[in-house]
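Remarks on the structure that follows.
The sequence lines fix the lettering, A, B, ..., with proteins before strands; numbering per chain opens at 1. FYI, side chains are in, hydrogens and waters are out, and symmetry mates aren't considered; it's all heavy atoms of this structure.
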Amino acid sequence: MAQDPFKKFKGQTAAALSKALAELGVDAEPALDRPPEGMGDLAFPCFPLAKTMRKAPNMIAEEIASKVRPEGMIERVEAKGGYVNFYVRFEDLAQPALEDAVARKESFGKGEPKGVRMLLEHTSANPTGPLHVGRARNPIIGDTIARILRMAGYDLTTEFYVNDVGRQVVIMTWGVKHLKLEREPDRDEDHYRYVLYYQQANRVVEEDEGAKAQVDAMLQKLEHGDEETVRLAREACEKVLKAVTASMRRVNISYDGFTWESRFVQDGTVDRIIEKLKGSEYCKEADGAFHLELESFGITGRETKWVFTRADGTSLYTTRDLAYHMDKFKRTDVAVNVLGEDQKLGMQELAAALTIMGVEKKPEMVYYAFVSLPEGRMSTRKGTVVYIDDLVDEAVDRAYDEVKKRRTDLSEERMREIARVVGVGALRYNIIRIQAEKQIVFKWEDALNFEGASAPFVQYAHARACSILKKAGERGPAAFDARKLVSDHEKALAKLVSSFPSVIQGCADDRRAHPLAAYAQELASQFNQFYRYMPVLKAEGDVREARLALVEASMWALRNSLSCLGMEAPEEM
RNA sequence: GGGCGCGUGGCCUAGUCAGGAUAUGGCACUUGCCUCCUAAGCAAGUGGUCAAGGGUUCGAAUCCCUUCGCGCCCGCCA
């Protein structure tokens, strides 16, 4: 891969600045900022030097500016308001960047292989029903970060941890075996039938002591490996899981692997871990149950105990999660977990338990706040939910209406396909555009937004680029001169395209996805301005070639951004 | 009681980790632009005590302290 030209410019600028500072006898780091629009490409603030140099910042800036000789990628240097502003020579930045995009196509933006194995766990929902919008953030954030990490050069595997052990699953399984459904499921797929058993069983168990006793007995049987019970629970979970993953495929999410929680009980790992923990200096016993005392690990609050066996000797969710993480670190260098913010304390405790078990590596966490309804929190058990499948249907229907309004020349099949791609994109975009820590209140009007900061906006810019390239027809090997791009519209667009690889790296480093959504929107907006003011097909000679190259490079930046966001890029819409 | 996160125009939001020039976009609203590569677009306009108060600093949305509001957590649940 060609070296990121902007990075090269930054390196040259820092070197030139260091030299100038040394000449002036000033001891300061060449720390460079990104200045606001129209004030160059990099800036050095001189305010901190005012005190030691006993001079006004604007004077210092003048002095430094006069010492820096524009060379290499630095086109000019000027002092303004206490800053030294550096301007990049446009063609030195744009020529290699646009060539790179046109040559590498879907690999434009891909980082060098990092040689690091990464395992990213996401979704990991109880297999007791379809995913609702309150849970939608997990797979969408997880899948998007996974795509970004792969693009950045990591050797990444995604995984869904299936919580098939425990009371929730038993309640559902008991319901499937003993109840007759009070009403028809809303949809045909298995998980929509099973979630009704789950909800109904929860109500019955709350009111009926006998039923509760049966569930308790079933839980005991499951934990002690009773074959028939294990088989029933496994069957129910598999049906739901299969349907859940099918639902996820509709929004372009798939998993490289699944790990079943029950595995760690059945293969004896959990028992071995319990034995080892019992030998720890942090282990205490109370009424037959064992726990670790984690106060010295910075765990605060009312309770600093981390219980890992019940009085009857059986394991808890947390114990099995410890087993899972020890298993993960046998298979990977870096583990990334996408989890709701309610899991924060649990993960802190898990990290402490890993230390006690002698495991140095710790999972990296990506936390998100929940999506709620205006009326409050969503709950599968209570049935106060908006299901993702329904949201997808609604989004696709709305998108279909929009396509039909605009296009009369397309086949029914083509319109349906565009509607699907646009609807799914809109839905994902509206989840991913918001910083994960921020709570979201779900509103249909926001989720179905097709304008402005939305996937269709980005997809539309891409379709426009494709349309130009299609009409331009076959062109020979890319030969263009970036110096022919002279307008502000062209320059701004080219610079934005050239920053795509560093946007990907930045998102990957921070394990954050929302900046990519913002970048895609900005890129599309910049492309639309270029499109409005700079005719491409009507331009002639070298100017036409240069603009076509810019369109093609923009198209790849848009398409690859969308791809990392898990959105498809239709060539027309 | 303790811990973690969030608070930015009517609504949504970026920037906060690594303080810097006029606080980023979008929705809504008002007004223009399709004989010209797709108007899911472009342009212009209205709208801001960056929750409140104090501190640090040449400079604070950003760092520190206090307070308020909202969310989440502190199970022999998962």
Exercise. Go through residues 283-294 of chain A and report each residue with a non-hydrogen atom lying under 4.0 Å from RNA chain B, sorted by number.
Key: A:Ala286, A:Asp287, A:Ala289
Exercise. Classify the nucleic acid contact of A:Asp409 as base, sugar-phosphate or nothing, counting any heavy atom under 4.0 Å across all strands shown.
Key: nothing
Quiz prompt | Watson-Crick or G-U counterpart of B:rC6, or none if no pair lies under 3.5 Å | solution = B:rG69
Quiz item: How is A:Met347 classified with respect to the nucleic acid when contacts are heavy atoms under 4.0 Å: base, sugar-phosphate, or nothing?
Solution: nothing
Quiz item: Given the C1' atoms of B:rC11 and B:rC29, what is the spacing between them in whole Å?
Solution: 12 Å
Exercise. For RNA chain B, find the residues of residues 437-452 of chain A with a heavy-atom distance under 4.0 Å and give them by number; none if there aren't any.
Key: A:Glu437, A:Lys438, A:Gln439, A:Phe450, A:Glu451, A:Gly452
Quiz item: Does A:Arg234 make a cation-pi contact with A:Trp260 (under 6.0 Å, within 45 degrees of the axis)?
Solution: yes
Practice problem: Would you indicate what A:Val536 reaches in the nucleic acid, counting non-hydrogen atoms under 4.0 angstrom: base, sugar-phosphate, or nothing? | Solution: base
Quiz item: Using the benzene-type ring in the case of Trp, are the ring centres of A:Tyr161 and A:Tyr324 under 6.0 Å apart?
Solution: yes
Self-check item: Pairwise C1' distance for B:rU24 and B:rG48, with rounding to whole Å
Solution: 13 Å
Quiz prompt | Sugar-phosphate, base or nothing in reach of A:Pro48, heavy atoms under 4.0 Å | solution = base
Exercise. For residues A:Phe457 and A:Tyr429, establish whether the separation of their ring centroids is below 6.0 Å.
Key: no
Quiz item: Taking the six-membered ring of A:Phe290, is NZ or CZ of A:Lys278 closer than 6.0 Å to its centre and within 45° of its axis?
Solution: yes
Exercise. Among the candidates B:rC12, B:rC77, B:rC74, find the nucleotide nearest to the side-chain atoms of A:Arg433.
Key: B:rC12
Self-check item: Strand-adjacent residues in residues 33-42 of chain A, judged by heavy atoms under 4.0 Å from RNA chain B
Solution: A:Pro35, A:Pro36, A:Met39
Quiz item: NA contact type, A:Val169, heavy-atom cut-off 4.0 Å: base, sugar-phosphate, or nothing?
Solution: nothing
Exercise. Report yes or no: is there a donor-acceptor pair, N or O only, under 3.5 Å between the side chain of A:Asn85 and the base of B:rA21?
Key: yes
Quiz item: Just checking A:Leu537: base, sugar-phosphate only, or nothing, at a heavy-atom cut-off of under 4.0 Å?
Solution: base
Self-check item: B:rG5 base stacked by A:Tyr367 (centroids within less than 5.5 Å, tilt under 30°)
Solution: no
Self-check item: Nearest-neighbour nucleotide for the A:Arg377 side chain, B:rC73, B:rC36, B:rA43 considered
Solution: B:rC73
Practice problem: Would you say whether A:Phe47 stacks on B:rG20? The test is a distance between ring centres of less than 5.5 Å and an angle between planes of less than 30°. | Solution: yes
Quiz item: Across the strands shown, which category fits A:Arg407 at heavy-atom distances under 4.0 angstrom: base, sugar-phosphate, nothing?
Solution: base
Quiz item: Heavy atoms under 4.0 Å, any strand shown: does A:Ala31 hit a base, just sugar-phosphate, or nothing?
Solution: nothing
Self-check item: Output field: ring centroids A:Tyr282/A:Phe297 closer than 6.0 Å
Solution: yes
Exercise. Check every strand shown and say whether A:Glu572 touches a base, only sugar-phosphate, or nothing at a heavy-atom separation below 4.0 Å.
Key: base
Quiz item: Below 3.5 Å, does any donor atom in the side chain of A:Arg310 face an acceptor in the base of B:rC76, or the other way round?
Solution: no
Quiz item: Would the A:Phe530 and A:His489 ring centres measure less than 6.0 Å apart?
Solution: no
Exercise. Could you give the distance separating B:rC34 and B:rC17 at their P atoms, to the nearest angstrom?
Key: 47 Å
Quiz item: Does A:Tyr531 have A:Arg464 sitting over its ring (NZ/CZ under 6.0 Å from centre, angle to axis within 45°)?
Solution: yes
Quiz item: Quick one: does NZ or CZ of A:Arg137 land under 6.0 Å from the six-membered ring centre of A:Phe370, within 45 degrees of the ring axis?
Solution: no
Practice problem: Decide, for B:rC34, between syn and anti: a glycosidic angle within 90° of 0 counts as syn, anything else as anti. | Solution: syn
